[in-house]
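Accompanying notes for the structure given below.
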Amino acid sequence: METSSCRLKGHFALLMIVFLMLCGATRAQLTVDFYKSSCPNLLRIVRREVVKAIKSEMRTAASLLRLHFHDCFVNGCDGSVLLDGSDGEQFALPNINSLRRLEVIDSIKSAVENSCSGVVSCADILTLAARDSVLLSGGPTWKVLLGRRDGLVANKTGADQVLPAPFENIDGILKKFTDVGLDLTDVVALSGAHTIGFARCAMFNNRLFNFSGSGSPDPTMESRMVSDLQALCPLTDDGNKTTVLDRNSTDLFDNHYYKNLLNQKGLLESDQILFSSAAAQSSTKSLVEDYSSNTTRFFEDFVRAMIKMGNISPLTGSNGEIRKNCRVVNS
């Protein structure tokens, strides 16, 4: 019996070692030089196309960054957010009428296919485009791990459930981050992406007139900002007008977003609560204060968080596929 038991334990230990080796091998397949031989001009092509897109519309940078974020939180970074169809992630509540500039990814994909057909995934193109968008807006750069493959299905239900909402409290947002392997520092650092871009009135008008049933605006929004936004977003409006996320620093990727939070000028409720809520006092407030006065620390933490987010459940090896068209799975 003892010999048999030892054999079983030995087999189990061996299986565990093989399992861990396979897991490590899968993780190791994401490398900065994944396309060094198969598509050597990839980084140059992506950068060129992102530059063209941002020159045509500065807001593109924020749009591409948001696409990457909304891709990675649902099914991992697999390009599923790019898939067309009424049952796709683009039609989930957090995305409908707000995801934009998918045609830029189409243009990049076309240019990449002309150089190296059937090699580079849409998921990797989106990840690189997000990095370049940050850099070209004045933010930091980093080496992007590559080797992701494209997912075969979109997940509208998942997008409805797991994407953080602008009306959520800190605990709710933090849970959604920790569920995908991110932490509190990542919450505050990645929120700094709101230093560029716009938001629709529907995402913040709950703060303007009858906040939490009080009959008054959100007391944590600066009064002049309240007046400006009430004029822009009247109750009779359809909620689709837009305004800048980072007041007085629209297109520059910097730490001004955090300075705004200190002055009660965060646009979204989920932004301002990082500094003003009761929960923030023991969790996120100190990070907001640090980032507001230390651009270097913000950039360092943002880069770390982007790399972590880019590594959420990638498909590698023979999993998934390399889509020919980012909008549809291969036939």
Side-chain angles (χ1 to χ4, degrees), residues 53-67 69-70 90-104 133-134 137-139 163-170 172-173 188 190-277 280 288 291-292:
I54 292 176
K55 278 184 176 178
S56 72
E57 185 202 44
M58 277 299 297
R59 188 181 171 190
T60 298
S63 299
L64 295 179
L65 183 54
R66 187 166 186 264
L67 272 173
F69 182 96
H70 283 225
Q90 295 170 32
F91 285 86
L93 284 175
N95 292 332
I96 197 163
N97 293 329
S98 65
L99 286 186
R100 57 193 306 280
R101 298 297 265 159
L102 283 84
E103 71 275 10
V104 175
S133 294
V134 172
S137 301
L163 287 171
F167 320 109
E168 282 189 270
N169 60 31
I170 288 178
I173 293 169
V188 184
L190 289 174
S191 294
H194 288 171
T195 185
I196 55 175
F198 288 69
R200 293 182 301 129
C201 292
M203 297 297 101
F204 57 84
N205 59 11
N206 66 304
R207 305 182 66 198
L208 303 180
F209 300 98
N210 185 25
F211 182 65
S212 297
S214 65
S216 302
D218 184 344
T220 67
M221 182 182 283
E222 190 257 348
S223 58
R224 188 180 304 158
M225 185 170 172
V226 170
S227 298
D228 291 346
L229 294 176
Q230 285 176 337
L232 177 71
C233 310
L235 288 171
T236 54
D237 197 58
D238 64 3
N240 285 322
K241 288 179 186 169
T242 61
T243 191
V244 296
L245 283 160
D246 189 3
R247 198 170 168 91
N248 300 322
S249 178
T250 308
D251 297 317
L252 183 63
F253 196 101
D254 57 13
N255 68 339
H256 190 267
Y257 160 86
Y258 300 102
K259 295 178 180 180
N260 271 345
L261 299 188
L262 267 58
N263 293 305
Q264 295 190 316
K265 293 180 180 179
L267 182 65
L268 306 180
E269 184 180 352
S270 56
D271 290 330
Q272 193 60 51
I273 60 171
L274 298 176
F275 180 76
S276 298
S277 68
V288 170
Y291 294 160
S292 73

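Values below: all heavy atoms of this structure, side chains included; hydrogens, waters and symmetry mates excluded. Just so we're clear, the structure is a prediction, and the values are computed from it rather than from any experiment.
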Are the side chains of Gln230 and Pro217 in touch, meaning some heavy atoms are under 4.5 Å apart? yes
Check whether any side-chain heavy atom of Val104 lies under 4.5 Å from a side-chain heavy atom of Leu67, and answer yes or no. no
Correct closest heavy-atom pair for Pro164 and Glu168 would be CA-OE1, 3.4 Å
Begin from the C-alpha positions of Leu102 and Gln90 and carry the test side-chain contact (heavy atoms from CB on, under 4.5 Å) through to its verdict. CA-CA 10 Å; Leu102 283 84; Gln90 295 170 32; 3.3 Å; yes
Separation between OG of Ser216 and CG of Leu208, rounded to the nearest 0.5 Å: 12.5 Å
Indicate the atoms forming the closest heavy-atom contact of Ser133 with Ala61, along with that distance. CB-O, 3.4 Å
Any donor and acceptor pair, going by atom type alone, linking the side chain of Thr195 with main-chain N or O of Asp254 inside 3.5 Å? yes
Closest heavy-atom pair, Ile170 versus Ser277, reported as atoms and distance to 0.1 Å, is CD1-OG, 3.4 Å
Counting C-beta onward and ignoring hydrogens, is there a side-chain heavy-atom pair between Cys201 and Lys241 closer than 4.5 Å? yes
Sole candidate of Asn255, Leu261, Asn260 that passes side-chain contact (heavy atoms from CB on, under 4.5 Å) when paired with Tyr257: Leu261
Would you indicate whether the side-chain heavy atoms of Phe275 and Thr220 approach each other to under 4.5 Å? no
If you round to the nearest 0.5 Å, how far is CD of Glu269 from CG of Leu274? 11.0 Å
Give a yes or no on whether a salt bridge exists between Arg100 and Glu57, defined as a side-chain N under 4.0 angstrom from a carboxylate O. yes
For His194 and Leu268 the tightest heavy-atom approach is CE1-CD1, 3.7 Å
Roughly how far, to the nearest 0.5 Å, is the NZ atom of Lys265 from the CG atom of Asp271? 15.0 Å
Is Asn210 reaching over with its side chain to a backbone N or O of Ser214, donor-acceptor style, under 3.5 angstrom? yes
Report the C-alpha distance between Leu229 and Arg207 in whole Å, list the side-chain angles of each, state the deciding distance to 0.1 Å, and finish with yes or no for side-chain contact (heavy atoms from CB on, under 4.5 Å). CA-CA 10 Å; Leu229 294 176; Arg207 305 182 66 198; over 6 Å; no
Derivation of the side-chain contact (heavy atoms from CB on, under 4.5 Å) call for Asn206 and Phe211: CA-CA 6 Å; Asn206 66 304; Phe211 182 65; 4.2 Å; yes
Considering all heavy atoms, the nearest Cys233-Phe209 contact: O-CE1, 3.4 Å
Kindly compute the distance separating CG (Leu232) from CG (Asp237), expressed to the nearest 0.5 Å. 7.5 Å
Please confirm whether the backbone N or O of Asp246 pairs with a side-chain atom of Ser249, one donor and one acceptor, at under 3.5 Å? no
Closest contact, heavy atoms only, Leu267 versus Thr243: CD2-CG2, 3.7 Å
Side chains of Lys259 and Ser292, heavy atoms from C-beta outward: is any pair under 4.5 Å? yes
Minimum side-chain heavy-atom gap Asp218-Gln272 below 4.5 Å: no
Distance col, row Leu65:CG vs His70:NE2, nearest 0.5 angstrom, shows 9.5 Å
For the atom pair CG (Asn263) and NE2 (His256), what is the distance rounded to the nearest 0.5 Å? 8.0 Å
Short side-chain donor-acceptor distance under 3.5 Å, Ser56 and Arg101: yes
